[in-house]
A.B. asks: 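Dumping the structure here so I can ask a few things about it.
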Amino acid sequence: MRIARGLIDADADKVVRRLSRHGFQAYLVGGCVRDLLLERTPKDFDVATSATPKETKDLFRNCRIIGRRFRLAHIFFGPKIIETATFRANPRQGQDGEEDELLIRRDNVFGTDTEDAQRRDFTINGLFYDVEAESVIDHVGGLDDLTSRVVRTIGDPDIRFREDPVRMLRAIKFAARLGFAIERDTYAAILRHRDEVTKCAPPRVLEEIYRLLRGGAAKRSMEILVETGMCATLSPQLAGILHTDEDRVARFASAMTVVRSPRPAALGEEAAWAATWADEPEASATEAPEEPASPQKVEIAPGSLPVGDIAGDVPVVPIDLSFVSGDDDLATRRSQVWKMLARLDAVFASGGEMSNAMLIAAALTPMVMPELVSPATRPTDAEQVIDELLSPLADQLKIARKDSERTRQILAAQRRLAPARQRRGKPVSLLRRDFFTDALTVYELALEVSGADLDALAYWRELVGQQPVATDEGGDGRPPRQRRRRRGGKRRRRQAEVEIGANAGYDAT
């Protein structure tokens, strides 16, 4: 299978060819190969090679070695980075898979290209592309799963998820973003091991959650996150916001497809750990081999969980917010949150960008908007509402302080942006705040989601046209200078000069 050379990043092509000229194996690998084969635009291009990080650095002056758990060579081309990794083997190769602790903490055991492919997370990410031979190298059956549109772990999913529980979030991300189904054993392993994700470093987990929201499939990602029970594990507060109690199963399971398909033959003997179904009899040695079965998609009927024996106990987490008037009010706010997630998908699909704080604020705004825009809400009441919703979420997900504080500012600004308060105070002072642009964007999204009249934005757009809006940087790219306010100092100095002159016998004026 050939990929048109014009679709391959020129700098990535240059890295691969230089490594090959110096006697090293080098291939494009991972997501860029998957996306090119799916006729999607890759976010970036990664290279896998037999050269060690030091050998790679010796060939490229624009190279920097990074990482401790996983040593990588970053090759810089201006702002672009071509990430170059050495072929690795599974650091637990040959160890007993029944160990209590399988979490990988260091991953610098070098190996061959075949070993490197088999230690990756999912078959669709285990494809290599040889740019010189113009051919795809498939050691793990990834081409078959791309054709079948299946997310499947390489090897035993129980082991792979215990080695790195963040892979469960990645499975959800790929299923949602690519519109793929999750293979049956892989889905069942997520249900069994969802609590393992708490062993991972919180910044890694939070970064994957941001990626779920930014990937153009935030709504679908959150549906799977809730349905698998991982949402409740990560943050009971988030689960309480997203759950819909009685109709939750019907709403999500009706869209869920679990695939029951045999493991591709390309896996061979080296990855035979989970190659057969436990509930299917082994074929007799005298029987003729059958043709590989095509994947069997099992559509889940509304009101039922996936495929009998893999249905787990998915927790429903209640949420108690003092400012919510009742179950009907809570259901309305939750439905607005889901509409906001769909609106975020449209923003990113059109090439938009949002900071971490904007993502959090946008997702939470529908829950608190009625209180923030109410003329009866006092500033202290608004702060209490925001704190009651945001603080538990920030604590549970370990959101960075700068992001949580900016989120508070964006949410609090919604109160000032509402029509009932547009002409109170000094509106121009709000335009000069560095969070104003973010707050106005979130306000516009909230109006669109609620179906409110967008004419409410006209007042602020008119002001923006008349006044310079503050940004995080000045016009020359430097942070804006903080001007000190003078409180009569100049006047006092001038008065002192007049008095000194009068005492000296001359007119200082």
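Keep in mind that what you see is a predicted model, and the values were worked out from it rather than measured. Computed over heavy atoms, backbone and side chain alike; hydrogens, waters and symmetry mates excluded.
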A.B. asks: Check whether any side-chain heavy atom of Thr441 lies under 4.5 Å from a side-chain heavy atom of Val347, and answer yes or no.
C.D. replies: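 The answer is no; the side chains never approach within 4.5 Å.
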
A.B. asks: For Arg177, give me all partners under side-chain hydrogen bond (donor to acceptor under 3.5 Å, both in side chains), at least two apart in sequence or on another chain.
C.D. replies: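 Arg177 satisfies side-chain hydrogen bond (donor to acceptor under 3.5 Å, both in side chains) with no other residue.
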
A.B. asks: After noting the C-alpha distance and the side-chain angles of Ile224 and Ile190, does the key distance pass the side chain to side chain contact (heavy atoms under 4.5 Å, CB included) rule?
C.D. replies: CA-CA 11 Å; Ile224 304 176; Ile190 291 175; over 6 Å; no

A.B. asks: Would you say the side chain of Leu364 lies within less than 4.5 Å of the side chain of Ile241, judging by non-hydrogen atoms?
C.D. replies: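 With C-beta onward as the side chain, the pair touches.
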
A.B. asks: In Å, rounded to the nearest 0.5 Å, how long is the span from CD1 of Ile3 to CG of Leu37?
C.D. replies: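 The CG atom of Leu37 is 4.5 Å from CD1 of Ile3, to the nearest 0.5 Å.
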
A.B. asks: Between Gln336 and Pro366, which heavy-atom pair has the shortest distance, and what is it?
C.D. replies: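 For Gln336 versus Pro366, the nearest heavy atoms are CB-CB, 3.5 Å.
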
A.B. asks: Side chain to side chain contact (heavy atoms under 4.5 Å, CB included), that's the test. Do Tyr187 and Glu227 meet it? Break it down for me.
C.D. replies: CA-CA 11 Å; Tyr187 186 85; Glu227 182 60 28; 3.6 Å; yes

A.B. asks: Hey, does the side chain of Arg334 reach the backbone of Gly240 with a donor-acceptor pair shorter than 3.5 angstrom?
C.D. replies: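 Yes; judged by distance alone, with no hydrogens or angles, the pair exists.
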
A.B. asks: I'd like to check the side chain to side chain contact (heavy atoms under 4.5 Å, CB included) partners of Glu83; sequence neighbours left out, ordered by chain and number.
C.D. replies: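 Expected list: Asp46, Leu72, His74.
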
A.B. asks: Is a salt bridge present between Glu444 and Arg343, judged by a nitrogen-to-oxygen distance below 4.0 Å?
C.D. replies: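 The answer is no: the pair does not qualify as a salt bridge.
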
A.B. asks: Would you call Leu321 and Gln237 a side-chain contact if the rule is heavy atoms closer than 4.5 Å?
C.D. replies: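 Yes; the side chains approach each other to less than 4.5 Å.
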
A.B. asks: Is there a side chain to side chain contact (heavy atoms under 4.5 Å, CB included) between Asp44 and Ile81 once you walk through the steps?
C.D. replies: CA-CA 8 Å; Asp44 49 33; Ile81 297 175; over 6 Å; no

A.B. asks: Partners of Ser221 by side-chain hydrogen bond (donor to acceptor under 3.5 Å, both in side chains), sequence neighbours excluded?
C.D. replies: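 Partners of Ser221 under the side-chain hydrogen bond (donor to acceptor under 3.5 Å, both in side chains) test: none.
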
A.B. asks: Give a yes or no on whether a salt bridge exists between Glu223 and Arg220, defined as a side-chain N under 4.0 angstrom from a carboxylate O.
C.D. replies: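 Salt bridge present between Glu223 and Arg220.
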
A.B. asks: I'd like to know if the side chain of Arg214 and the backbone of Met354 have a donor-acceptor N/O pair within less than 3.5 Å.
C.D. replies: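 Side chain of Arg214 to backbone of Met354, a donor-acceptor pair under 3.5 Å: yes, one is there.
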
A.B. asks: Tell me, with the steps shown, if Asp35 and Thr41 meet side chain to side chain contact (heavy atoms under 4.5 Å, CB included).
C.D. replies: CA-CA 6 Å; Asp35 288 344; Thr41 301; over 6 Å; no

A.B. asks: Rounded at 0.5 Å granularity, tell me how far CD1 in Ile82 sits from CG in Asp11.
C.D. replies: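 So the CD1 of Ile82 and the CG of Asp11 are separated by 6.0 Å.
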
A.B. asks: Do the ring planes of Phe436 and Trp460 sit parallel (below 30°), tilted (30 to 60°) or perpendicular (above 60°)?
C.D. replies: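 Answer is tilted, since the angle falls between 30° and 60°.
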
A.B. asks: Determine the minimum heavy-atom distance between Leu393 and Ile399, stating which atoms define it.
C.D. replies: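 For Leu393 versus Ile399, the nearest heavy atoms are O-CD1, 4.1 Å.
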
A.B. asks: Mind checking whether Leu445 and Leu344 have side chains closer than 4.5 Å, heavy atoms only?
C.D. replies: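 A side-chain contact under 4.5 Å exists here.
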
A.B. asks: Please indicate whether Gln396 has more than 12 foreign heavy atoms, meaning atoms of other residues, nucleotides or ligands, lying under 6.0 Å from its CD.
C.D. replies: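 Atom CD in Gln396 is crowded, with more than 12 foreign heavy atoms closer than 6.0 Å.
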
A.B. asks: side-chain contact (heavy atoms from CB on, under 4.5 Å) with Leu169: which of Arg204, Glu208, Arg211?
C.D. replies: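 Looking at Arg204, Glu208, Arg211, the match for Leu169 under the side-chain contact (heavy atoms from CB on, under 4.5 Å) is Glu208.
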
A.B. asks: I'd like to check the salt bridge (Lys or Arg N to Asp or Glu O under 4.0 Å) partners of Asp116; sequence neighbours left out, ordered by chain and number.
C.D. replies: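 Asp116: salt bridge (Lys or Arg N to Asp or Glu O under 4.0 Å) contacts with Arg119, Arg120.
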
A.B. asks: Check for a donor-acceptor pair, side chain of Ser374 on one end and backbone N or O of Glu371 on the other, with a separation under 3.5 Å.
C.D. replies: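 It does not hold such a pair.
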
A.B. asks: Between the side chains of Glu388 and Ser322, does any donor sit under 3.5 Å from an acceptor?
C.D. replies: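 Present: a donor and an acceptor within the cut-off.
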
A.B. asks: Atom NE2 in His193, atom CG in Asp158: separation rounded to 0.5 Å?
C.D. replies: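 If I round to the nearest 0.5 Å, the distance is 3.5 Å.
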
A.B. asks: For the residue pair Ala382 and Leu372, what are the closest heavy atoms and their distance?
C.D. replies: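 Minimum heavy-atom contact is CB-CD2, 3.9 Å.
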
A.B. asks: Could you grab the distance from atom CZ of Arg416 to atom CG of Leu430, nearest 0.5 Å is fine?
C.D. replies: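 Going from the CZ atom of Arg416 to the CG atom of Leu430 covers 5.0 Å.
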
A.B. asks: Do the side chains of Thr49 and Val15 get nearer than 4.5 Å, heavy atoms only?
C.D. replies: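 No, their side chains stay 4.5 Å or more apart.
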
A.B. asks: Whether the side chain of Asp345 engages the backbone of Ala218 through a donor-acceptor N/O pair (distance < 3.5 Å, no angle test) should be reported.
C.D. replies: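 Yes; at least one donor-acceptor contact below 3.5 Å.
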
A.B. asks: Among Asp381, Val368, Asp329, which one satisfies side-chain contact (heavy atoms from CB on, under 4.5 Å) with Phe323?
C.D. replies: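 The single option meeting the side-chain contact (heavy atoms from CB on, under 4.5 Å) with Phe323 is Val368.
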
A.B. asks: Do Arg61 and Phe76 come within less than 4.5 Å of each other through their side chains, counting heavy atoms only?
C.D. replies: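 Sidechains of Phe76 and Arg61: no contact.
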
A.B. asks: Restricting to non-hydrogen atoms, name the atom on Asp438 and the atom on Ser355 that form the minimum distance, rounded to 0.1 Å.
C.D. replies: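 Taking Asp438 first and Ser355 second, the nearest heavy atoms are OD2-OG, 4.2 Å.
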
A.B. asks: Just to verify, what does Gln409 make a side-chain hydrogen bond (donor to acceptor under 3.5 Å, both in side chains) with, not counting sequence neighbours?
C.D. replies: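 Once residues adjacent in sequence are excluded, the partners of Gln409 under the side-chain hydrogen bond (donor to acceptor under 3.5 Å, both in side chains) criterion are Arg406.
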
A.B. asks: Are Asp9 and Lys80 close enough for a salt bridge, meaning some N to O gap below 4.0 Å?
C.D. replies: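 Yes.
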
A.B. asks: Could Asp387 and Arg408 be called an ion pair, given the rule that one side-chain N must be under 4.0 Å from one carboxylate O?
C.D. replies: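 Yes.
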
A.B. asks: With the side chain counted from C-beta on, respond yes when Ile410 and Met358 share a heavy-atom pair under 4.5 Å apart, and no when they do not.
C.D. replies: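 In contact.
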
A.B. asks: Whether the side chain of Thr86 engages the backbone of Ala51 through a donor-acceptor N/O pair (distance < 3.5 Å, no angle test) should be reported.
C.D. replies: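 Pair found, side chain donor or acceptor close to backbone of Ala51.
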
A.B. asks: Could you check whether any side-chain heavy atom of Leu213 comes within less than 4.5 Å of a side-chain heavy atom of Leu341, counting everything from C-beta outward?
C.D. replies: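 With C-beta onward as the side chain, the pair touches.
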
A.B. asks: Check whether any side-chain N or O of Ser450 sits under 3.5 Å from a backbone N or O of Ala446 as a donor-acceptor pair, and report yes or no.
C.D. replies: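 Flag set: sc Ser450 to bb Ala446 pair under 3.5 Å.
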
A.B. asks: Is the shortest side-chain N to carboxylate O distance from Arg167 to Asp121 below 4.0 Å?
C.D. replies: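 Between Asp121 and Arg167 there is no salt bridge, as every charged N stays at least 4.0 Å from the carboxylate O atoms.
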
A.B. asks: Output the distance between atom CD (Glu448) and atom CG (Leu457), rounded to the nearest 0.5 Å.
C.D. replies: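 Rounded to the nearest 0.5 Å, the CD-CG separation comes out at 8.0 Å.
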
A.B. asks: Can you tell me how far apart NZ (Lys402) and OG1 (Thr407) are? Round to the nearest 0.5 Å.
C.D. replies: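 Nearest 0.5 Å value for the NZ-OG1 distance: 11.5 Å.
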
A.B. asks: Report the residues that fulfil side chain to side chain contact (heavy atoms under 4.5 Å, CB included) with Ala412, sequence neighbours left out, ordered by chain and then residue number.
C.D. replies: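 Checked Ala412 against side chain to side chain contact (heavy atoms under 4.5 Å, CB included); matches are Ile386.
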
